[in-house]
Amino acid sequence: MALAMDKDALLDQLLYATDQSGKIAVDDGIARLYKEIQDVWSGELLPTNQYGLKEAWEIISSAEKMDVAFAVRTNLTFNGFHDDDSPIHGKAVTFRARDCLHVKAKYNEDWWIGRVVKVDAPIGFIPAPAKLKKLAEEASAQLGPIKKGGMKDEKKLQVPEKQVDKMEDMGSIESLCTIAPTRVSEIETRAQGPYESVPVIRPIILCGPSMRGFEITDLMHKALVHALKRQFEDRLESYPVQDRFLKLLHSSIASNKYSINPEGLDEITNNIYEEAKKFKLMFVDLKINSPVPLKNSAMGPILVHIKISNSKVLTNLIKQRGADQKRGLTAQLYAATKLCDLDRRQFDVVLNEHDFDDAAEHLINYLEKYWRASRPLQASKRVNDSFLRNTPAIMSKLGLKSPKSHYNSARRQDHRIKV
């Protein structure tokens with residue numbers, strides 16, 4: 001017999017705390033997670049121990065070919081190897097805080113079936129929100145309050161700065177090697193619940209080296225997008241954002257209403273969720289100069305930073321574009337400095353190569369691995385598809401034209417002036 005849950009009961013399981021009135025403002029990602037669950041499963045949860053071990057193995061085996069029901073971003077670090085009580089011992093999924101998971105099926109009220117969105121990540125059992133909340137409470141009772149960002153031995157959880165660049169590799173071993181030997185060991189700073197919703201395919205947003213609307217930045221974006229379209233062809237779609245939505249988005253950021261259901265972002269995010277169901281890489285031309293707040297939004301984008309850290313290089317480039325661009329020199333330099341001062345971890349990919357070919361190949365490699373991690377069955381059928389089939393270097397060998405002149409002019413100067 002199915003067990004139905006109403007909205008309030010489900011949200012109570014998703015949230016960690018309430019205020020004195022017993023209510024708390026629900027983060028957009030939490031609200032969307034409830035909607036995704038409701039749309040897919042109509043609020044019904046199967047009772048525990050519905051299946052035996054044989055049936056559990058059959059379900060796990062068939063899950064490889066199942067469609068993705070929805071995706072979540074984790075707000076807890078969960079060690080599936082420690083004290084594993086999943087329906088099949090050894091099949092619990094291990095993940096870090098801020099990992100993305102593809103949920104394929106519901107096993108029972110305690111476990112979902114899915115995988116971490118990483119290359120070669122196996123299908124396994126993911127603790128449902130109520131289960132993960134219970135484990136966090138047990139960990140707090142045994143070891144004291146779980147610190148946001150880590151536990152007592154935080155050195156084991158922190159990734160050395162020199163290893164940050166390796167985190168782009170989308171691997172499933174390196175990123176999990178520093179997890180503490182406890183079931184729940186880390187809570188994301190802004191977490192309201194154990195999971196929040198993200199699109200099944202995260203959109204790509206370019207930012208930097210400076211302000212949108214100025215030629216240097218816009219031309220670099222145009223060149224990279226052209227290279228992506230050449231490489232991915234039918235696997236990439238562009239999603240333009242209407243100006244009326246941008247105005248609402250800018251006002252919501254300025255008024256600090258961004259974290260909870262901001263106007264402007266909501267309609268954009270709804271459209272992105274629908275487009276993501278096509279399971280294609282999606283470039284969103286979002287003309288904003290403060291992209292970092294998007295990282296924690298329900299949009300869950302892949303943020304790509306085109307980085308020019310030397311102000312002399314950027315100044316020379318701007319002056320070369322004429323008097324109109326020179327009038328905005330101060331604002332562009334300030335915007336570039338603010339982006340460069342941000343923690344590397346704020347971005348998924350940082351392009352600091354001196355040559356367009358190298359930068360394009362860096363981004364294409366990352367997105368190719370992400371697409372293959374998101375669509376492992378489809379990727380396995382493309383055995384003859386090279387990662388760098390249409391990158392600028394390959395295009396030049398084939399005698400094809402590549403729009404890299406503006407990008408290379410920046411990187412040549414950046415190479416001459418040591419950063």
Side-chain angles (χ1 to χ4, degrees), residues 27 29 71-79 94-101 116-119 121 146-151 153-180 184-192 194-199 202-210 224 253 258-259 284 286 288-309 335-353 359 362-363 365-367 369-370 373-374 419:
D27 183 271
V72 297
R73 180 169 51 200
T74 63
N75 285 326
L76 286 174
T77 294
F78 174 73
N79 189 336
T94 298
F95 52 81
R96 295 190 66 93
R98 309 308 286 170
D99 277 347
C100 290
L101 311 177
V116 182
V117 185
K118 290 181 179 177
V119 175
I146 301 176
K147 295 181 180 180
K148 294 181 178 181
M151 297 186 65
D153 193 0
E154 294 185 356
K155 293 182 179 179
K156 292 183 179 180
L157 297 176
Q158 293 175 348
V159 180
E161 190 68 31
K162 63 181 180 180
Q163 294 184 12
V164 171
D165 290 337
K166 295 182 180 180
M167 295 172 66
E168 288 185 6
D169 196 33
M170 307 290 290
S172 57
I173 298 177
E174 285 189 7
S175 61
L176 301 178
C177 64
T178 57
I179 289 182
V184 178
S185 58
E186 186 178 7
I187 296 180
E188 164 62 24
T189 304
R190 55 177 294 281
Q192 281 189 316
Y195 303 121
E196 55 193 28
S197 182
V198 292
R202 298 164 60 201
I204 306 157
I205 296 179
L206 302 178
C207 53
S210 185
L224 280 173
I253 294 175
Y258 198 90
S259 60
V284 179
L286 199 57
I288 62 173
N289 297 316
S290 302
V292 175
L294 293 175
K295 189 174 182 65
N296 293 324
S297 72
M299 189 187 296
I302 296 173
L303 289 177
V304 180
H305 181 198
I306 305 170
K307 186 175 182 179
I308 298 180
S309 56
T337 301
K338 295 293 288 184
L339 284 172
C340 291
D341 287 344
L342 292 172
D343 191 315
R344 164 66 181 80
R345 296 172 180 84
Q346 293 289 343
F347 301 96
D348 297 273
V349 186
V350 174
L351 305 179
N352 54 11
E353 290 80 3
H362 180 180
L363 180 56
N365 268 307
Y366 178 91
L367 295 177
K369 290 176 182 177
Y370 175 72
S374 302
V419 177

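Just so it is clear, the values below take in all heavy atoms, side chains as well, and ignore hydrogens, waters and symmetry mates.
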How many angstroms lie between atom OG1 of Thr337 and atom CD1 of Ile308, to the nearest 0.5 angstrom?
-> 11.5 Å

Leu303 and Gln346 have their tightest heavy-atom pair at CD1-O, 3.8 Å

Scanning both residues in full, the closest heavy-atom pair of Ala335 with Ser210 reads CB-OG, 4.0 Å

What residues form a side chain to side chain donor-acceptor pair (under 3.5 Å) with Ser374, not counting sequence neighbours?
-> none

Are the side chains of Val304 and Tyr366 in touch, meaning some heavy atoms are under 4.5 Å apart?
-> no

N/O donor-acceptor pair under 3.5 Å between Thr77 side chain and Ala97 backbone | yes

Closest non-hydrogen contact found for Leu224 with Leu351 is CD1-CD1, 3.8 Å

Backbone of Arg98 reached by a side-chain donor or acceptor of Thr74 within 3.5 Å = yes

Hey, mind stepping through Asp348 and Tyr370 against side-chain contact (heavy atoms from CB on, under 4.5 Å) and telling me if it holds?
-> CA-CA 11 Å; Asp348 297 273; Tyr370 175 72; over 6 Å; no

Atom pair CD/SG of Glu196 and Cys100 - distance to nearest 0.5 Å = 9.0 Å

Taking only residues two or more places apart in sequence or in another chain, which ones pass side chain to side chain contact (heavy atoms under 4.5 Å, CB included) with Val116?
-> Val93, Phe95, Asp99, Leu101, Lys118, Ala121

What one should report as the nearest heavy-atom pair of Arg202 and Pro301 is NH2-O, 2.8 Å

If you look at every heavy atom in Ser309 and Cys340, which pair is closest and at what distance?
-> CA-SG, 3.7 Å

Met299 and Pro203 have their tightest heavy-atom pair at O-CD, 3.4 Å

